[in-house]
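Structure first, commentary second.
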Amino acid sequence: VLDSSTPAVTTALVAVTADGVDPRAARRTVDARAHGELLAPQVAQVLAEARVRAAGPSAVHGAVAALERAPLDAGGRRLALDAVAELIVAAEDAHPNYDLLLARLCETFGIEARIPEWSEVRARLARSDASTQRAVLALMTTTTALRGRIRRRQRRVLEDACAACDLPSGDMLQAAQRRIAEGRGE
């Protein structure tokens with residue numbers, strides 16, 4: 001869907017089903033004088049977001065498999081699940097990829113999801129050994145990228161987690177988005 005007939009430029013990708021129209025990705029920018037400059041980049045952004053969202057189940061499988069291979073004890077697995085829960089809350093969006101990730105983690109590790117205080121999760125992450133930190137940060141990065149469009153609060157949580165581990169966040173989020181969009185696992 002492309003609409004530039006008003007001061008806003010709207011670009012969306014939808015799935016038309018028997019039940020109606022299901023939005024997959026969208027962008028809207030209000031600027032009555034920049035339709036030409038906005039339309040092509042918005043189309044590219046919407047298509048990229050839709051690719052990331054569609055590849056989510058494969059990325060979830062890869063992320064859970066990578067976490068299973070990581071040398072995590074019960075505390076490390078609990079930390080990983082708590083960090084994921086914080087990022088999902090930060091997204092303020094009940095995305096199906098998040099539901100799948102939580103269900104797979106709970107099933108694989110036999111633990112219940114909960115929503116702890118981020119300050120407590122951050123402190124546990126900071127006290128963890130380097131291999132646990134790397135595994136949890138990798139899972140957090142994939143979780144943040146699963147939605148396709150990253151919320152500011154998610155980015156802040158991820159940056160805060162990297163800071164707690166004395167690691168730069170760098171471009172790991174963009175790399176995770178590319179990896180997911182290209183259909184590559186962990």
Side-chain angles (χ1 to χ4, degrees), residues 25 45 48-49 51-186:
Q45 291 167 354
E49 181 178 335
R51 269 193 311 276
V52 168
R53 284 180 170 228
S58 176
V60 165
H61 177 76
V64 173
L67 206 59
E68 282 182 291
R69 291 188 304 271
L72 298 178
D73 60 11
R77 291 189 295 272
R78 172 88 261 164
L79 175 61
L81 188 59
D82 289 349
V84 165
E86 178 61 30
L87 285 166
I88 291 171
V89 169
E92 300 172 350
D93 179 19
H95 192 277
N97 288 340
Y98 292 153
D99 293 341
L100 179 61
L101 178 60
L102 274 179
R104 287 288 315 274
L105 288 171
C106 290
E107 176 186 317
T108 301
F109 297 120
I111 50 181
E112 293 286 322
R114 65 180 185 184
I115 303 172
E117 289 295 319
W118 170 242
S119 58
E120 181 236 329
V121 176
R122 185 189 192 282
R124 284 189 291 143
L125 182 60
R127 290 191 305 268
S128 296
D129 62 80
S131 63
T132 298
Q133 288 178 345
R134 281 191 303 276
V136 171
L137 287 174
L139 180 63
M140 290 179 74
T141 302
T142 298
T143 301
T144 303
L146 278 175
R147 186 173 170 271
R149 194 170 186 188
I150 299 159
R151 298 272 202 178
R152 277 186 218 116
R153 186 165 167 227
Q154 283 182 300
R155 187 180 303 276
R156 282 193 299 261
V157 168
L158 186 58
E159 288 170 352
D160 192 35
C162 289
C165 300
D166 291 324
L167 294 170
S169 57
D171 67 344
M172 63 186 196
L173 194 50
Q174 291 78 17
Q177 286 179 305
R178 280 191 304 275
R179 188 184 71 247
I180 292 170
E182 293 168 1
R184 294 183 285 127
E186 282 298 304

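These numbers come from a predicted model, not from an experiment. Along the sequence shown, the residues carry numbers beginning at 1.
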Contacts of type side-chain contact (heavy atoms from CB on, under 4.5 Å), residue [X], not counting sequence neighbours:
| X | value |
| --- | --- |
| Cys165 | Leu125, Gln133, Leu137, Leu167 |
| Arg155 | Ile150, Glu159, Leu173, Gln174 |
| Leu100 | Pro57, Val60, Arg104 |
| Glu86 | Trp118, Arg153, Val157 |

Would you please test Ser128 and Val136 for side chain to side chain contact (heavy atoms under 4.5 Å, CB included) and show each step? CA-CA 10 Å; Ser128 296; Val136 171; over 6 Å; no
Can you give me the closest heavy-atom contact between [X] and [Y], atom names plus distance?
| X | Y | value |
| --- | --- | --- |
| Val121 | Pro116 | CG2-CG, 3.4 Å |
| Cys106 | Leu81 | SG-CD2, 4.0 Å |
| Pro71 | Ser131 | CG-OG, 3.9 Å |

Side chain to side chain contact (heavy atoms under 4.5 Å, CB included) between Thr142 and Leu101, intermediate numbers included: CA-CA 10 Å; Thr142 298; Leu101 178 60; over 6 Å; no
Applying salt bridge (charged side-chain N to carboxylate O under 4.0 Å, His left out) as the test, list every pair that has at least one member in residues 122-135; sequence neighbours left out. Asp82-Arg124, Glu120-Arg124, Arg122-Asp160
How many angstroms lie between atom [atom1] of [X] and atom [atom2] of [Y], to the nearest 0.5 angstrom?
| X | Y | atom1 | atom2 | answer |
| --- | --- | --- | --- | --- |
| Leu87 | Thr143 | CG | OG1 | 6.0 Å |
| Leu72 | Phe109 | CG | CZ | 6.5 Å |
| Leu105 | Leu139 | CG | CG | 6.0 Å |

For Arg152, does the CZ atom have more than 12 heavy-atom neighbours from other residues, nucleotides or ligands under 6.0 Å away?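 Counting neighbours around CZ of Arg152, 12 or fewer heavy atoms of other residues, nucleotides or ligands fall under 6.0 Å, so no.
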